[in-house]
Amino acid sequence: MKPLLLTNALMMNEDRRYQGDLLIVDGRIEKIAAAITARSTWSVLDLAGKWLLPGMIDDQVHFREPGLMHKGTIASESRAAVMGGITSYMEMPNVSPPTTTRQALEGKFQRASACSLANYSFYFGATNDNLEELKALSADAACGVKVFMGASTGNMLVDDERILEAIFQHAPGLVATHCEDTPTIKRNEALWRERYGEQIPAAEHAAIRSVEACLLSSSRAVALAKKHGTRLHVLHVTTADELALFEPAPTLEALRRKTITAEACIHHLYFNQDDYTALGHRLKCNPSVKGQEHQRALWQAVKAGVIDIIATDHAPHLLAEKQNDYFSAPSGLPLVQHALPALLDMCARGIFTPELIVRKTSHAVAERFQIKDRGYIREGYWADLAVINPWKRISIESGNIAYKCGWSPFEGHTLQGGAVESTLVNGRLVWDGESVAEGIYGHALAFNR
């Protein structure tokens with residue numbers, strides 16, 4: 001691979017903006033300087049003042065492989081991810097068969113090595129009956145241990161209190177939780193079925209998968225983590241009420257000291273309950289998209305450092321499935337292709353700043369998961385980079401959607417914060433704004449643990 005020189009970049013990194021050049025050698029950032037003189041043996045890419053960001057590291061995706069590959073595959077969804085400036089991802093265990101053994105975990109790494117365009121790692125799934133397998137897992141074999149403390153897609157609910165205690169006590173590395181209280185949800189489903197039968201309006205999902213259900217479960221997770229000293233990451237927080245459970249970390253230094261962290265997802269930041277009117281069950285996800293007051297509270301929590309990380313929870317389903325009635329329509333929506341542009345659109349609207357988005361989607365993820373040599377624009381680090389054209393708008397239409405499921409909740413939207421013009425993974429140009437370079441595969445993430 002020839003050295004690649006990126007010139008005339010506006011780099012956004014570690015809460016700073018600075019003009020300069022960046023040299024990539026053997027996949028890593030060799031040099032950053034105000035100006036670097038090119039050699040005849042190098043490739044040169046003039047960015048002409050466009051933004052250069054560390055690629056987004058998405059700590060929560062569902063790529064559906066193995067077993068659910070009619071919805072998506074590692075190949076198809078990682079392709080959409082790099083088109084959206086995502087250079088690394090961490091994928092969830094609720095596939096078929098679920099990733100609840102070390103053998104199944106290794107099988108997913110083998111699959112990804114032969115087809116993933118982005119870098120990758122995978123969660124090990126905890127269940128009521130695989131505690132001994134979990135105890136045998138090394139801390140760096142997976143990005144984390146996923147615990148469903150509330151039923152979601154798949155059948156991995158951990159509802160045995162004795163096992164739950166043991167998971168928090170013995171899990172190697174980080175525990176990531178989906179927090180919703182199943183008994184509360186089941187009671188709500190019965191009440192709403194009495195009112196509406198099977199034809200429950202989509203917007204009622206926010207009340208069925210309620211604030212109370214989220215708060216009860218998140219409170220339980222935080223209490224267990226404090227009791228056992230667990231490194232806990234609470235995924236996709238959706239309510240103002242839950243935010244009091246978490247300490248603010250306004251700087252990366254403060255984040256490094258935290259043992260309990262929280263995440264918000266792009267759809268809970270971008271959409272609110274009013275959007276069910278237009279989107280219907282296409283907006284149905286677990287936890288649910290809730291009212292505008294919760295959306296605005298999440299915005300403030302991101303800015304205050306109470307929310308540490310922004311992710312996607314990318315979870316594709318076929319559009320035909322989404323058009324079923326309430327109880328048959330699956331929860332989850334595809335997001336990786338447009339997550340970073342949607343966040344930049346929110347910056348253009350004055351909600352966030354690009355520097356803050358870089359911190360929440362790259363720096364903080366690398367710090368929290370202890371990822372080795374990624375997440376920053378630094379000499380010696382892997383060159384995982386996204387080039388943003390801040391002057392370009394994106395109109396999202398059915399013809400330019402890359403997901404295997406073929407639809408997006410952003411269809412019909414024009415995003416104004418900039419377009420991902422190119423994406424580099426391990427120093428290789430995998431997306432040039434027009435096409436994806438097939439056959440250039442990412443690496444398994446390594447960890448400093």
Side-chain angles (χ1 to χ4, degrees), residues 1 24 26-29 54-66 72-82 85-95 97-125 133-134 136-146 171-176 231 233 309 311-312 314 336 361-362 365-376 378 380-386 423-428 430-431 436-449:
M1 185 169 61
I24 300 167
D26 294 330
R28 292 181 181 263
I29 300 170
M56 181 173 174
I57 305 172
D58 193 346
D59 78 356
Q60 186 183 185
V61 302
H62 302 261
F63 281 178
R64 305 304 192 198
E65 184 176 346
T73 66
I74 291 172
S76 67
E77 307 312 284
S78 68
R79 185 177 189 275
V82 299
I86 294 173
T87 53
S88 300
Y89 63 85
M90 305 178 209
E91 207 263 352
M92 287 296 170
N94 51 330
V95 288
T99 318
T100 54
T101 66
R102 286 171 291 161
Q103 182 178 5
L105 179 66
E106 178 57 31
K108 288 178 82 170
F109 277 99
Q110 290 176 1
R111 285 173 177 267
S113 69
C115 67
S116 179
L117 293 170
N119 304 312
Y120 50 88
S121 192
F122 299 94
Y123 287 89
F124 180 89
E133 188 79 359
L134 181 149
L137 185 73
S138 64
D140 59 355
C143 53
V145 172
K146 174 66 180 291
L174 179 143
V175 170
R231 293 183 64 241
H233 184 54
I309 287 170
T312 68
H314 172 85
V336 289
T361 60
S362 299
V365 193
E367 294 290 350
R368 186 58 178 135
F369 286 82
Q370 299 171 290
I371 301 171
K372 185 177 181 181
D373 295 346
R374 301 190 192 274
Y376 292 89
R378 288 176 176 171
Y381 274 49
W382 288 103
D384 295 337
L385 303 166
T423 304
L424 293 92
V425 177
N426 303 313
R428 295 176 180 266
V430 297
W431 167 246
V436 170
E438 308 289 352
I440 299 175
Y441 302 133
H443 298 170
L445 297 176
F447 301 97
N448 294 310
R449 297 176 178 171

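- One distance of note links CD of Glu91 with CZ of Arg111; it measures 10.5 Å at 0.5 Å rounding.
- Between Leu385 and Ile24, the closest side-chain pair of non-hydrogen atoms falls below 4.5 Å.
- Considering every non-hydrogen atom in both Ala104 and Pro98, the closest pair reads CB-O, 3.9 Å.
- With values rounded to the nearest 0.5 angstrom, Asp26 atom CG is found 11.5 Å from Asn426 atom CG.
- With values rounded to the nearest 0.5 angstrom, Ile371 atom CD1 is found 10.5 Å from Tyr376 atom OH.
- Using a 4.5 Å heavy-atom threshold, the side chains of Leu445 and Arg374 count as touching.
- Put simply, the side chain of Asn119 gets close to the backbone of His443: a donor and an acceptor are under 3.5 Å apart.
- Rounded to the nearest 0.5 Å, atoms SG (Cys143) and CG (Leu105) are 8.5 Å apart.
- One finds a salt bridge joining Asp373 and Arg28 here, because a Lys/Arg side-chain nitrogen approaches an Asp/Glu carboxylate oxygen to under 4.0 Å.
- Looking at every heavy atom in both residues, Pro172 comes nearest to Ser138 through CB-C, 4.2 Å.
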### Query
Stepwise, does the side-chain contact (heavy atoms from CB on, under 4.5 Å) test hold for Gln370 with Arg231?
CA-CA 12 Å; Gln370 299 171 290; Arg231 293 183 64 241; 3.4 Å; yes
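- Between Phe124 and Thr99 there is no side-chain heavy-atom pair separated by less than 4.5 Å.
- For the side chain to side chain contact (heavy atoms under 4.5 Å, CB included) criterion with Thr87, the lone passing option out of Leu424, Val430, Val425 is Val425.
- Closest heavy-atom contact between Trp382 and Gly27: CE3-O, 3.3 Å.
- Heavy-atom contacts from other residues, nucleotides or ligands closer than 6.0 Å to CG of Asn448 number more than 12.
- To the nearest 0.5 Å, the span separating CZ on Arg368 from NE2 on His233 amounts to 7.5 Å.
- Between Ala311 and Asp59, the closest heavy-atom pair is CB-OD1, 3.1 Å.
- Taking the six-membered ring where the residue is Trp, the centroids of Phe63 and Tyr89 are separated by under 6.0 Å.
- To the nearest 0.5 angstrom, Arg428 atom CZ is 12.5 Å from Leu117 atom CG.
- In terms of modelled atom types and a separation under 3.5 Å, the side chain of Ser76 and the main chain of Gly72 share no donor-acceptor contact.
- One N or O on the side chain of Glu133 and one on the backbone of Arg102 form a donor-acceptor pair closer than 3.5 Å.
- Of all heavy-atom pairs between Ala142 and Leu137, the closest is CB-CD2, 4.4 Å.
- Aromatic rings from Phe447 and Phe369 are positioned such that their centres are separated by 6.0 Å or more.
- Using a distance-only test at 3.5 Å, with no hydrogens or angles considered, no donor-acceptor pair links the side chain of Ser88 to the main chain of Ile57.
- For the side chain to side chain contact (heavy atoms under 4.5 Å, CB included) with Met56, the qualifying choice from Val336, Thr312, Val365, Asp384 is Thr312, the only one to do so.
- When all heavy atoms of Ala141 and Phe109 are compared, the pair lying nearest together is O-CE1, 3.5 Å.
- Not one N or O on the side chain of Arg378 forms a donor-acceptor pair closer than 3.5 Å with the backbone of Ile29.
- A donor-acceptor pair under 3.5 Å is formed between the side chain of Ser362 and the backbone N or O of Gly55.
- Panel note: side chain Ser116, backbone Ser113; no donor-acceptor pair is recorded below 3.5 Å.
- Looking at Arg64, His62, Lys146 one by one, the single match for side-chain hydrogen bond (donor to acceptor under 3.5 Å, both in side chains) with Asn94 turns out to be His62.
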